[in-house]
Each structure stands twice: as structure tokens, then as C-alpha cells.
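Worksheet: one structure, shown below.
Everything numeric here is computed off the predicted structure, so don't read it as measured data.
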2 protein chains.
Amino acid sequence: MVERNKETIQATKTSFEIVHTLQEIGPARLSEIAEELELAESTTHRHLQTLHDIRYVSRDGERYQLGLRFARLGRAAQTCDPAYEMTQRHVEVLAEETGERAQFVVEDHGLGIYLHVETGSQAVRVGFGVGRQIHLHSSSVGKAILAHYPHERVDEILDQWGLPAHAANTITDREALYEELETVRDRGVAFNREEHVDGLNGTAVPVKRDGRAIGALAVAGPSHRLTSEWLDEEVPDMMLAAANELELNATYASDAGSRDHIVE
Amino acid sequence: MVERNKETIQATKTSFEIVHTLQEIGPARLSEIAEELELAESTTHRHLQTLHDIRYVSRDGERYQLGLRFARLGRAAQTCDPAYEMTQRHVEVLAEETGERAQFVVEDHGLGIYLHVETGSQAVRVGFGVGRQIHLHSSSVGKAILAHYPHERVDEILDQWGLPAHAANTITDREALYEELETVRDRGVAFNREEHVDGLNGTAVPVKRDGRAIGALAVAGPSHRLTSEWLDEEVPDMMLAAANELELNATYASDAGSRDHIVE
DNA sequence: GGTATGCGTTCCGCTATGCGGAACTGAAAG
DNA sequence: CTTTCAGTTCCGCATAGCGGAACGCATACC
């Protein structure tokens, strides 16, 4: 390698690569990780030792795994988001009222991240928990958010992540997505008809602040249960009411919000 | 610096130092971080750029903050723990039955980490959320866990973290703690009488597997409400029942547990 | 009980890599 | 128009991180 590598630190990236490997394959031995990442064992060892030192990985005899210290960082990252606290209750209520899975999602680095997930009484228990990432083009929440973003930002995001197909109905054409976003903007509600997972529908409304979306509320469920009337009328009404209340809150509370800073 | 630095990577540590700074002081500007850590601005810049690249920090104009990608890692770390799933329900039930705050805590690197926290109807809402770390010597959960650890491990932990005083009643003498642990082992229940926070009591029972504690269930509340009879008799009974069920589960399910591996 | 195998750790020498200082940019304030 | 300040880029140097090889240390195999 000759050129100066875009002003970025390799060691840090490698350490996080190791963390990702542990996240994906779970508790693993040193040699597995080294092989997976095509690193020398000595190098892998040094990284793991460092991460262990600072308590971000634990080892149980011969297996390494993610340290629970990450739980703290994860929480800190979530509570940093101004929308975190005020949306929690609304998601709970939505889950209860609809009986389906309710969620609140925000955008970060061009992806959607689930901040809250509540499963109603009859909700499907698929693995879309808190912290999960989702492409914005193929989900109701994503479209709700993108519809209220400036054009150039939407382009940036689509450039970065593309429009990969996740299910039969995924919108993979950029122009088609623009049109869809237009519609979403007009209606104030975004739908997902089996665009992300076959058999799964969703409905989302943006939560705005100063005209820009700071996140989106959504309800998701199996397509056979989220039928047209229910989905087109009742659910959106509930969600719009919630979003409305939130928006009042958001602009009202403004920066007076008491960030519950966890000390130490 | 002359000696080879204990076989550990400085760059990774610095990156995490920056992450910690962001965790503590919240959204911050580059210069603040650089000053806080006494790093050159160019160095700080390089680290932040790297962390931004891999989506672990976001920037909002001129302020950097923790990226939400950490939420995913945090969840992954939690669900890695075999006790995570099976204890959730029990904590919920305990919170409901007692009306107080119920918790499940495990040990990692010699500290207690809250895996579940549920606040009952009248529970105090202090900042001890999921992911929070706590010293083992000054909490009911900690004592419950330590009481069922091998002696040498307890020593190691005390060597590493000491016995700092957090409240008026904190046990700061090693011998006194050993005696206390003896008592806990006999009774099967650990108490915390304003040892961690003044005015806050707690009761904990260990959840064991093969004789070793894999975590502890606890109920905590203001000392005026958690009075002697209630605390000494009823609460422990409820918790022991829960722990018992869990232990059967733990040894029964053994390694047959279906780890709900979040794919992608 | 000796040998083989496999995994983890330590050692070592090389150079790429991360470092701080200084120079540059660009915006906001005076 | 100048000054100031925060952030970014440039640059040369020394060190810190790298891979390969050697070393321990088990457990398995014969």
C-alpha cells in the first residue's frame, strides 16, 4: 500500500472488525476470529487483549465474547437522542391499542435504527429488536422519514446504501421511490406492503420538528391481518394523533428537556 | 516511554477514550474532546473521523455524539448472556408483585451489570437503568453473587476494584465483607441496608448453576418502605421461588437453549 | 509414556502507521 | 479589512503495530 490511507486509523478499524465478528458469530476462539478476518494470530491476540483490558470483551476460558460494557454505551447512545424519552409511552400505547408490533425509528448514518419496540398481544415475534438497523427505502418508517428530508440528503443516502431488494415488492428504482415519497408527503402516512419481508405489512407516520423528520412511528404485522380498511383508516388515525402530540411536545420542550445524564 | 507497553494497542484505547468522553459529556465539539483528553487536535480529528466512518459516532454540524450503532452492540452483548432471556419475565413479575423496582444483574470483569430493570407502580425512578455498572461489595446483588463465587475469584475482584464507600453503611473492610458473605451463603438471601445509596434498601437472591452464581435477582426501594418484616420474609420468599424456577430452567435447558441469533 | 497436534502466547526485527506541530482554510466577530 | 477561533490538511519522525517464527502447554493419539 502506497497512498496515504484517507486519514483514518487502521488499528481502530481492526479492533471494531473483531467486535463485529464477535457480534455475528457469538462467543468464539481466537483462531476462529483470526481466520475469519485473515489476520495474524499475534495481531488478533493483541487486539483481543486490548479490548479485554478495557472491558469490552470478556473471555470465558477459551472463548471470547462481547463484554456487557457495551450495554451501557448502547443505552447512552439511545438516551442521547432527544426523541428517545418522549416516544416510549406512545409506542407502548400503540402496541396495546393495535395488538400488533409498534416501533419508533430514527435515522443515523443513512440507516433506520429501532429506538423502541413494543409487541402487542398478538404481534409476531420476529427478530427486529431495539438497536436493529433497517434500510430506509424498503420500510414504512424509512419512507416516512425520507419523505420529509431535503432532496440532496435523500440522494446521499441512496448513493450510500443503494436500493437492494429485500422482498418481492421492494422498490428498487430510484424514480419510483421519489414518486412514492411524494405520495407519502401528501398523505402524511407511509405504507409498506411486503416490501421488506414477504408477508409483513407496515404503516408509519413521521414525527417532525421544524419541518424535518426526527423519526417515525410505525405499526407492523402480518399482511393478512393488516387489511386495507383497518390499515388505511384506523391505524393511521391513531398514529397521527400520537405523532401530533409528540410534535407539540418536541417544539414545546425544545432544549428545556432535562437530559437524565447518567453520571460516573 | 521505553519499555514495550504490555502488549496492548494504544490507538484502540484512545479511540475508546474518545467514546467514553462522548458518553460522559454528551454531544461535544472536537476541541472540547481534545482538551479533555489532552490530545492534539489533529489526532482527535483522525480518531473521530475513523469512528464516524464506521458509524460509531455521528456528527450534527459541529458536535460529535455517540452513534446509534452502539445500541445494536449493546443488545447483542446482552442477549449473548445465557440468563438474559429466561430472567426477563421473572423480573417483570417481581416488579408487579412488589410494586418496587426489580432487577437482574450479572457479573462481568468484576462489576455488576444490570441486565433487566423493571419499575413497579410505586418504584423510585432513579438512574439505575439497564447497562449500568455497580460495585459488587456494596449492593445486595453483588453480595449475592460473590457469596457463591470461589474465594480466590472474590479476592481478585476486591483487589481490582477495592471497597470504596458509596454511602454511610458501605462495608469497606475486607474481613467484614467475608463474614457478611458467609451469612449470605447461609441464609440464601443478601440484604443491602443503605450501603450503596443512602435511603435505599435492597434484597437479592443468587441464581445459581452448578453451584456457581450466574447472576442475581433483586428488589430495591426506599428504606422507609422496605421495612423489616416485609423485607425479611415476604420479599425473599417471592424471590427464592423465582430463583428456584430459574435454576431448574438453567440446568434443564442447559445448552439446548435456542439462541435467537439476530442475523445480518 | 512418548509423540503428535492444535491453540494461545511471547519474542523479534521491519517498516508502515499513527503521532504532534505547523501551516492552511473558512467562517464569524470586531 | 483585520483578528480570532475551530476544524482540517500537510509533513517528517519515531514509535507502535504488524506478521512470522519460536515457545508453552495442554489434550489426544498410538
Side-chain angles (χ1 to χ4, degrees), chain A residues 1-22 24-67 109 152 156, chain B residues 1-22 24-67 109 150 152 156 255:
Chain A
M1 209 154 294
V2 185
E3 58 174 330
R4 217 152 241 265
N5 194 15
K6 221 192 95 186
E7 207 67 17
T8 199
I9 298 170
Q10 194 51 41
T12 297
K13 287 193 172 178
T14 307
S15 283
F16 273 101
E17 286 292 308
I18 288 176
V19 167
H20 293 152
T21 307
L22 288 176
E24 276 155 35
I25 69 179
R29 4 190 45 177
L30 185 144
S31 48
E32 294 179 62
I33 301 167
E35 194 185 5
E36 176 84 17
L37 296 173
E38 296 179 6
L39 289 170
E41 291 198 343
S42 55
T43 305
T44 310
H45 178 256
R46 218 174 304 123
H47 280 275
L48 282 170
Q49 188 143 304
T50 307
L51 289 167
H52 180 79
D53 240 48
I54 56 178
R55 310 208 321 272
Y56 283 109
V57 311
S58 337
R59 54 183 307 182
D60 173 33
E62 53 192 2
R63 305 202 101 92
Y64 291 89
Q65 62 178 309
L66 289 184
H109 288 263
E152 60 266 26
E156 257 179 53
Chain B
M1 207 152 297
V2 185
E3 57 175 330
R4 218 149 241 262
N5 193 19
K6 219 191 94 187
E7 208 67 15
T8 196
I9 298 170
Q10 194 50 43
T12 297
K13 288 193 171 177
T14 307
S15 284
F16 272 101
E17 286 293 308
I18 288 177
V19 167
H20 292 152
T21 307
L22 288 176
E24 275 156 35
I25 69 178
R29 3 191 52 194
L30 185 143
S31 48
E32 293 180 62
I33 302 167
E35 195 184 7
E36 177 84 16
L37 296 172
E38 296 179 5
L39 287 171
E41 292 197 342
S42 56
T43 304
T44 310
H45 179 257
R46 217 173 307 122
H47 280 275
L48 282 171
Q49 189 144 305
T50 307
L51 289 167
H52 180 79
D53 241 46
I54 55 178
R55 309 209 318 273
Y56 282 109
V57 311
S58 337
R59 56 184 307 182
D60 172 34
E62 53 193 3
R63 302 203 105 91
Y64 291 88
Q65 62 178 307
L66 290 184
H109 287 264
E152 60 266 28
E156 257 179 51
D255 47 0

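In summary, the side chains of B:Thr12 and A:Thr12 do not present any donor paired with an acceptor at a separation below 3.5 Å, with no hydrogens or angles considered.
The NZ atom of B:Lys13 sits 17 Å away from the C1' atom of C:dG18 (whole-angstrom rounding). Rounding to whole angstrom units, CD of residue A:Glu35 and C1' of C:dG6 are separated by 13 Å. The distance from atom CG of A:Asp53 to atom C1' of D:dG17 is 16 Å, rounded to the nearest whole Å. One interatomic measurement links the two molecules: CG of A:Leu48 to P of D:dG17, which rounds to 15 Å at whole-angstrom precision. Between the CD1 atom of A:Ile9 and the P atom of D:dT15 there is a distance of 18 Å, rounded to whole Å.
Test B:Glu36, B:Glu35, B:Glu62 against B:Arg29 for salt bridge (charged side-chain N to carboxylate O under 4.0 Å, His left out) and you get one pass: B:Glu62.
If A:Arg63 and B:Leu39 are placed on DNA chain C by their nearest nucleotide, the residue sitting closer to the 5' end is A:Arg63.
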Could you walk me through whether A:Phe16 and B:Phe16 pass the ring-ring contact (aromatic ring centres under 6.0 Å, His included) check? CA-CA 11 Å; A:Phe16 273 101; B:Phe16 272 101; 5.3 Å; yes

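Taking 4.5 Å as the limit, every side-chain heavy atom of A:Arg46 sits out of range of all side-chain heavy atoms of B:Thr8. Under the 4.5 Å side-chain criterion, counting only non-hydrogen atoms from C-beta, A:His52 is in contact with B:His109. Counting heavy atoms from C-beta on, the side chains of B:Val19 and B:Leu66 come closer than 4.5 Å. By the 4.5 Å heavy-atom criterion applied to side chains, A:Gln65 and A:Val57 are not counted as neighbours.
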Summarise how protein sits on nucleotides 4-10 of chain D as a single string, 5' to 3': B when a protein heavy atom is under 4.0 Å from the base, S for sugar-phosphate-only contact, - for no contact. --SBSB-

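The side chain of B:His47 contributes no N or O atom lying less than 4.0 Å from OP1 or OP2 of C:dG18.
A salt bridge links B:Arg63 to B:Glu32: one of the charged nitrogens lies within less than 4.0 Å of a carboxylate oxygen.
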Name the pairs: protein N/O against N/O of nucleotides 27-30 of chain C, kept only if under 3.5 Å.
none

